[in-house]
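Since we're looking at a predicted model, the values are computed, not measured. Each chain gets a letter, A, B and so on, in the order its sequence line appears, and its residues count up from 1.
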Amino acid sequence: MDDINKKQIPRPYMLENFEQTERLEKYLHLAHKRIFPKGAIVQAQGKNANSILYVKSGCLGVSIGSDDGCTKFLFHINEKTIGAAINSNEDNSEVQVYAIRKSTVYFFALEDILEIFDEDKQVFLGVIQNILDKSYCLMAKTRDLSYYRPSSRILRFIYNLCISEGKFVDNYYIINTKLTQKTIGDITGTHYVSVSKLFKMLEEQRILKKTKDRIYIYNLSKLASMIDEVLKY
DNA sequence: TCATTAATTTTCT
DNA sequence: AGAAAATTAATGA
């Protein structure tokens with residue numbers, strides 16, 4: 001009666017796996033190209049915008065401001081994905097987009113993107129899918145923030161990453177990823193120092209090992225079981 | 001338990 | 001060498 005309807009591991013939803021639209025590269029000549037150095041503002045808070053942007057290389061971050069001037073991270077716009085900034089009303093958007101590292105970005109005016117949609121329905125579907133992915137991501141993230149403690153959010157993220165991208169070889173999993181601890185912290189809504197401490201603890205227990213562009217998972221079942229534990233580290 | 005800050009060390013380019 | 005990322009410790013909510 002009780003636990004039957006509870007969703008158990010595996011929990012398949014992967015935060016921030018946004019649809020890529022490489023197909024848009026065919027139309028880059030219609031767009032306006034700009035290069036942003038690290039830290040530069042791509043779309044300022046409070047500015048009206050009407051375009052779809054495509055990140056050819058680099059990575060952007062989207063954050064939302066609050067009254068006290070602080071800003072909270074929302075999600076990344078990685079390369080080969082799009083971002084939509086279409087404000088139909090005059091209200092100022094509280095959202096800000098900035099370059100996390102040096103990025104080359106192409107801006108499509110609304111008229112042009114509509115033309116492209118006309119002749120290339122795959123692009124259209126890709127854009128819709130991407131926006132849908134983002135709304136789902138935000139739903140999942142708000143759920144995680146309210147239901148789960150930080151350590152379990154980090155563990156669950158790694159677990160899902162392993163399930164979706166890990167390759168099983170020689171008795172352990174290899175995930176090819178260049179994620180930094182800072183990025184994992186942003187995605188999971190935790191502090192990078194917490195990520196660092198947790199990873200150190202997991203390494204000491206021979207559960208996993210992280211290098212610059214790989215994560216090795218030696219004990220996935222142990223990792224999974226720790227998601228619901230209250231950890232000290 | 002975890003965020004935050006700051007100081008320090010390690011790793012990357 | 002300089003920048004970026006990670007670690008460590010201390011403090012406080």
Side-chain angles (χ1 to χ4, degrees), chain A residues 9 11 15-16 34-42 45 55-81 94-105 137-138 140-162 165-166 172-219 222-233:
Chain A
I9 287 169
R11 295 145 166 151
L15 253 24
E16 290 204 13
R34 285 188 64 188
I35 296 176
F36 296 92
K38 178 178 177 170
I41 302 297
V42 177
Q45 202 174 335
V55 180
K56 177 134 166 66
S57 70
C59 177
L60 308 181
V62 181
S63 59
I64 189 162
S66 60
D67 320 331
D68 55 2
C70 289
T71 175
K72 199 71 192 166
F73 180 85
L74 292 175
F75 56 82
H76 295 92
I77 305 178
N78 282 298
E79 57 181 33
K80 296 173 186 169
T81 70
E94 299 174 25
V95 174
Q96 184 189 62
V97 185
Y98 62 98
I100 285 180
R101 52 177 195 271
K102 185 188 176 199
S103 308
T104 69
V105 182
C137 172
L138 261 16
K141 192 164 170 174
T142 53
R143 175 202 57 193
D144 291 353
L145 287 172
S146 50
Y147 281 171
Y148 305 106
R149 51 183 50 264
S151 66
S152 107
R153 296 200 297 270
I154 300 166
L155 289 165
R156 183 212 291 262
F157 176 75
I158 302 165
Y159 177 85
N160 287 340
L161 193 63
C162 187
E165 293 183 35
Y172 56 88
Y173 292 89
I174 296 180
I175 308 168
N176 286 302
T177 175
K178 293 181 291 291
L179 284 170
T180 64
Q181 294 184 166
K182 166 88 173 94
T183 308
I184 294 173
D186 282 337
I187 293 173
T188 57
T190 59
H191 201 263
Y192 64 95
V193 175
S194 301
V195 177
S196 174
K197 286 180 189 163
L198 184 61
F199 269 62
K200 184 184 195 288
M201 187 269 275
L202 293 170
E203 258 184 56
E204 281 169 359
Q205 298 196 26
R206 310 261 151 68
I207 292 169
L208 107 207
K209 180 177 165 66
K210 182 184 179 307
T211 65
K212 191 192 171 288
D213 37 26
R214 276 170 145 81
I215 299 174
Y216 302 90
I217 310 270
Y218 303 120
N219 194 341
K222 176 73 175 153
L223 179 77
S225 75
M226 291 171 84
I227 292 177
D228 296 316
E229 287 175 21
V230 177
L231 301 175
K232 280 193 175 128
Y233 60 93

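Counting to the nearest Å, the C1' atom of B:dT11 and the NZ atom of A:Lys209 are 13 Å from each other. For the pair A:Lys72 NZ and B:dT4 C1', the interatomic distance rounds to 11 Å; values are reported in whole Å. Rounded to a whole Å, the CG atom of A:Leu155 is 13 Å from the P atom of B:dT1. Remark: P of B:dT13 and CZ of A:Arg101 are 11 Å apart, rounded to the nearest angstrom. Here B:dT5 presents its C1' atom at 8 Å from NE2 of A:His191, a figure rounded to the nearest Å.
Close to B:dT1, at under 4.0 Å from its OP1 or OP2, lies no side-chain N or O of A:Ser151. Contact annotation: A:Lys212 does not reach the phosphate of B:dT10 (side-chain N/O to OP1 or OP2, under 4.0 Å).
Across all strands, A:Lys178 comes closer than 4.0 Å to no nucleic acid atom at all (heavy-atom distances).
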Its contact letters, B for base, S for sugar-phosphate only and - for none at protein heavy atoms under 4.0 Å, make nucleotides 6-13 of chain C read SSBBB---
| message | Evaluate A:Tyr173 against A:Leu208 for side chain to side chain contact (heavy atoms under 4.5 Å, CB included), listing each step before the verdict. | response | CA-CA 9 Å; A:Tyr173 292 89; A:Leu208 107 207; over 6 Å; no
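Using cut-offs of 30° and 60° on the angle between ring planes, the pair A:Tyr216 and A:Tyr218 is parallel.
A pairwise comparison of heavy atoms in A:Gln181 and A:Tyr192 identifies O-CB, 4.2 Å as the closest pair.
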